[in-house]
Novice: 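One structure is given below, represented as C-alpha cells, and several questions about it will come after.
We count ligands from 1, going down the list as the structure has it; atoms in each ligand are counted the same way.
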Amino acid sequence: MKTNLWLVVPCYNEEQILDYSVSELKKLMSSLKDEEKISTESKILFVDDGSRDATWEKIKVAHQADSSVIALKLSHNQGHQNALLAGMTYAMDKCDCVITLDADLQDDISVIPDFLSEYEAGAQIVYGIRSGRKKDSVFKRQTAQIFYKLMKALGAEIKYNHADFRLMSRKALEALSLYTESNLFLRGIVPLIGMKSAEVYYERKERTAGETKYPLGKMVGFAADGITSFSVKPLKVISIAGIICSVLSVAGLLYALISYFTGNVVPGWTAIVCSIWLLGGIQLLCIGVLGEYIGKIFSEVKQRPKYFIDEVLDDKEK
Ligand code: UDP
Ligand code: MG
C-alpha cells in the first residue's frame, strides 16, 4: 500500500508567499503521486493561525481549485507550536504520516522523498537537520549556538540544528497526543517519544517574501520557554548560588569582626553599597526564575484548551 502522506503547514500572515508555496507544494505532491511514492489520498493541510491578512482567502481559493489542498482556521493566533499541533492532531487518524514544514518553504522541500524513504525503511520520526547556517546572520547563528549549548547543559535532549521540519508516523503522532502539557515545545517533546528515528540533512534557504514572525523578542521567549519546560536545573543553580553567597558572607562577617576588634574600622561605604547592589540583583534574578516556574505551573493547572478550530476546508468532512 502506498503511503498516505499529509503535509502540515502552519501560516500566520503569509499572504505574500502563500501562492508560491501552494504551487511549489502541489508540484511536489503531484510528482510524488506520479512516481507512485505516495497515495492519491495524500493532502496538503494548511493551518491558518488566526492571520489578519488575506491568508485565509488565498487558502480558500487554493482549496476550491484543488481538493487535495485542505485547511483549518484557528479562531485566534495561538503560536506556531499550537498551530502545528492542531494540524497534526487533525491529520493523525486520517493519514499514515505527516511532514510539518513552514509556509515560507525555507526548509528544502526537495528532501521530502528522502524523508519518505527513511519512513519506508521503518523510521517513525525523521528529523530534518540543517547542514549549515551560512545564510543566517552572524547574530542569529551565535544566539542559536548559545541556545543549543544551554539546552544541552541543562539536560534537555534536543536535536542540534533541527527546527520543526520533520516527518512523524501515525504511531509517533499517537504517542505525541498523550503529552497533554499546555506549554508546548515540540522540539523537546518529540525526542522523548523515542521510537526508531532517522535524520535527513538539508540547506535552509532565505525567506523569499514576507517577513519573519520570530523577531528577537519572540525568539528569546521561545528559548526561555523551551528551557523552563524541560529543565529544573535553573532552580538548582539558584540554590547553589545561595549556598555560595552564604559561605562568602560568613567569611565577610569574620573579616568584619576581626577588623572591629583590632580597632581597624574604616567607614566601609563602598563595600556596603557594592554588596547591597550585587546581592539585591542576585536575589531579584532568583525570584524571577522561581516566578517563571510558578507561572508555568499556573498555566498548566488551568488546563485551558490550546486552540479552537473555527473552520475546516475538507471535502471529506462535509
Ligand atoms: N507561524 C504561525 N504562528 C505564529 C508565528 C508563525 O503559525 O504565531 C508560522 C509562520 O507562518 C511560518 C512558521 O510558523 O510558517 C515559521 O515562522 P517564520 O518563518 O516567521 O520563522 P523563522 O523561519 O523566521 O524562524
Ligand atoms: Mg521562516
Novice: Testing the basics here: between Val8 and Gly87, what is the closest heavy-atom pair and its distance to 0.1 Å?
Specialist: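 Minimum heavy-atom contact is CG1-CA, 3.9 Å.
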
Novice: If only side-chain N and O atoms count, and only distance matters, is there a donor-acceptor pair under 3.5 Å linking Gln81 with Asp164?
Specialist: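 On atom types as modelled, these side chains qualify, holding a pair under 3.5 Å.
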
Novice: What pair of heavy atoms forms the shortest contact from Leu101 to Pro10, and how long is it?
Specialist: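 That would be O-CD, 3.2 Å.
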
Novice: Does any donor atom in the side chain of Asp48 or Ser51 lie under 3.5 Å from an acceptor atom in the other side chain?
Specialist: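 Their side chains do contain a donor-acceptor pair, which is all the 3.5 Å distance test asks for.
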
Novice: Can you list every pair where an N/O of ligand 1 is under 3.5 Å from an N/O on the protein?
Specialist:
residue	atom	partner	partner atom	Å
ligand 1	3 (N)	Asp49	OD2	2.6
ligand 1	3 (N)	His80	N	3.4
ligand 1	8 (O)	Asp49	OD2	3.4
ligand 1	8 (O)	Asn77	ND2	3.1
ligand 1	11 (O)	Tyr12	N	2.8
ligand 1	11 (O)	Glu14	OE2	2.6
ligand 1	15 (O)	Pro10	O	2.8
ligand 1	15 (O)	Ala103	N	2.9
ligand 1	19 (O)	Asp104	OD2	2.6
ligand 1	19 (O)	Arg207	NH2	2.8
ligand 1	20 (O)	Arg207	NH2	3.1
ligand 1	20 (O)	Lys213	N	2.4
ligand 1	23 (O)	Gln106	OE1	2.8
ligand 1	23 (O)	Arg204	NH2	2.6
ligand 1	24 (O)	Thr212	OG1	2.5

Novice: I'd like to know if the side chain of Tyr12 pairs up with that of Arg52 as donor and acceptor (distance under 3.5 Å, no hydrogens or angles considered).
Specialist: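 On atom types as modelled, these side chains qualify, holding a pair under 3.5 Å.
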
Novice: How far apart are the C-alpha atoms of Ile189 and Leu176, what are their side-chain angles, what is the distance that settles it, and do they pass the side-chain contact (heavy atoms from CB on, under 4.5 Å) test?
Specialist: CA-CA 8 Å; Ile189 293 178; Leu176 178 68; 3.7 Å; yes

Novice: Hey, which protein N/O/S atoms does the Mg ion (ligand 2) have under 2.8 Å?
Specialist: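 You should have found Asp104 OD2, Gln106 OE1.
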
Novice: Determine whether the side chains of Thr228 and Lys296 contain a donor N or O and an acceptor N or O closer than 3.5 Å.
Specialist: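 Yes, side-chain donor-acceptor contact under 3.5 Å.
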
Novice: Pair up each side-chain donor or acceptor in residues 104-111 with any protein partner under 3.5 Å, not counting sequence neighbours, and list the distances.
Specialist:
residue	atom	partner	partner atom	Å
Asp104	OD1	Gln106	N	3.2
Asp104	OD2	Arg207	NE	3.2
Asp104	OD2	Arg207	NH2	3.2
Gln106	OE1	Arg204	NH2	3.0
Gln106	NE2	Lys205	O	3.2
Asp107	OD1	Tyr202	OH	2.9
Asp107	OD1	Arg204	NH1	3.0
Asp108	OD1	Ser110	N	3.1
Asp108	OD1	Ser110	OG	2.8
Asp108	OD2	Ser110	OG	3.1

Novice: Under the ring pair (Phe, Tyr, Trp, His ring centres under 6.0 Å) rule, what pairs show up with a residue in residues 82-135, not counting sequence neighbours?
Specialist: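 Pairs touching residues 82-135 that pass the test: Phe115-Phe165, Tyr127-His162.
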
